[in-house]
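Written below as structure tokens is the structure these notes are about.
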Amino acid sequence: MKNIVILISGGGSNMAAIVRAAERDRWAERFGARIAAVVSNKAEAGGLALAKALAKAHGIATAVVPHKEFPTREAFDEALAKAVDAHAPALLVLAGFMRILTPGFVGRYAGRLVNIHPSLLPAFPGLNTHQRAIDAGCKVASVTVHQVTTELDHGPILAQAVVPVLPDDTAATLAGRVLAQEHQLYPRAIAGWLSDTSCHIR
Ligand code: GAR
């Protein structure tokens, strides 16, 4: 069985969408894959409560590695890797995981580390993507699923979706429209990765 580990920091709606898709689309049967664990860097993350609720029904482990308890980024990443490796992941999925990872961590999971970012990468890496898209006068906004490399919000693109930017959009309304697309796109991109074992991420 290929284990998938999901890292979150916040609301966890992408994580929940992936868990539901795995169940609905029978990933275990079709791809020999399952969501093994959800790990958060914040004990108070809404997504963690959601993951705990899903844990019983789906047999998913949950863990917290609070970044604030570690003196350096390297020390945190080392503890995070330990929590992740306990589940021997074939794929590590960043779903609203809002920490910059060290090159050592990224290298450890090279070829099996993916992220979702709410913009049409390579445009608008970093934070506040929706406000920046509105301020730039963009007519469409987007979401990108990509392989993670040591450069923040870069790396080969696996999938993208676009939505219109409407004249009266705020960052919040635009984020909601993009998030609905995220919930479709991320499970689809992961299923694509799982279904094509010859297409290993490099
Ligand atoms: C999502 O919009 C995701 O694309 C974004 O955080 C949100 C998490 O929502 N990720 C990034 O900005 C990463 N650079 P969720 O916790 O409800 O899935």
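Please read all numbers here as calculations on a predicted model, not as lab measurements. We count ligands from 1, going down the list as the structure has it; atoms in each ligand are counted the same way.
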Test salt bridge (charged side-chain N to carboxylate O under 4.0 Å, His left out) applied to R177 and D169, step by step:
CA-CA 10 Å; R177 194 174 309 119; D169 261 336; 2.7 Å; yes
Distance col, row I18:CD1 vs I4:CD1, nearest 0.5 angstrom, shows 8.0 Å
Is ligand 1 less than 4.0 angstrom away from at least one heavy atom of I8?
no
Please state which protein non-hydrogen atom is closest to atom 6 (O) of ligand 1 and give its distance, to 0.1 Å?
G96 CA, 3.8 Å
Are the side chains of V65 and F70 in touch, meaning some heavy atoms are under 4.5 Å apart?
yes
For the pair H67 and F76, name the ring-plane relationship: parallel under 30°, tilted 30 to 60°, perpendicular over 60°.
perpendicular
Atom 2 (O) of ligand 1 sits nearest the protein heavy atom E182 OE2, 2.8 Å
The closest protein heavy-atom partner of atom 9 (O) of ligand 1 is N14 ND2, 4.0 Å
Identify the protein heavy atom lying closest to atom 16 (O) of ligand 1, giving its residue, its atom name and the separation to 0.1 Å.
G12 N, 2.8 Å
Could you check whether E74 and T102, counting side-chain N and O atoms only, form a donor-acceptor pair closer than 3.5 Å?
no
Contact between M15 and L54 at the side-chain level, heavy atoms closer than 4.5 Å - yes or no?
yes
Can an N or O of F97 be found at a distance shorter than 3.5 Å from an N or O of ligand 1?
no
For atom 14 (N) of ligand 1, what's the nearest protein heavy atom and its distance?
H117 ND1, 3.1 Å
S13-ligand 1 polar pair, N/O distance under 3.5 Å:
yes
For P118, is the nearest heavy atom under 4.0 Å from an atom of ligand 1?
yes
Under a 3.5 Å threshold, yes or no: a donor from one side chain and an acceptor from the other, between Y186 and N115?
no
By the definition side chain to side chain donor-acceptor pair (under 3.5 Å), identify the one residue from T129, N128, D135 that meets it with Q131.
D135
Within reach of ligand 1, part of L179 (heavy-atom separation under 4.0 Å)
side chain
Which of the numbered atoms in ligand 1 are under 4.0 angstrom from any heavy atom belonging to G11?
16 (O), 17 (O)
For atom 10 (N) of ligand 1, what is the nearest protein heavy atom, given as residue, atom name and distance?
I116 O, 3.6 Å
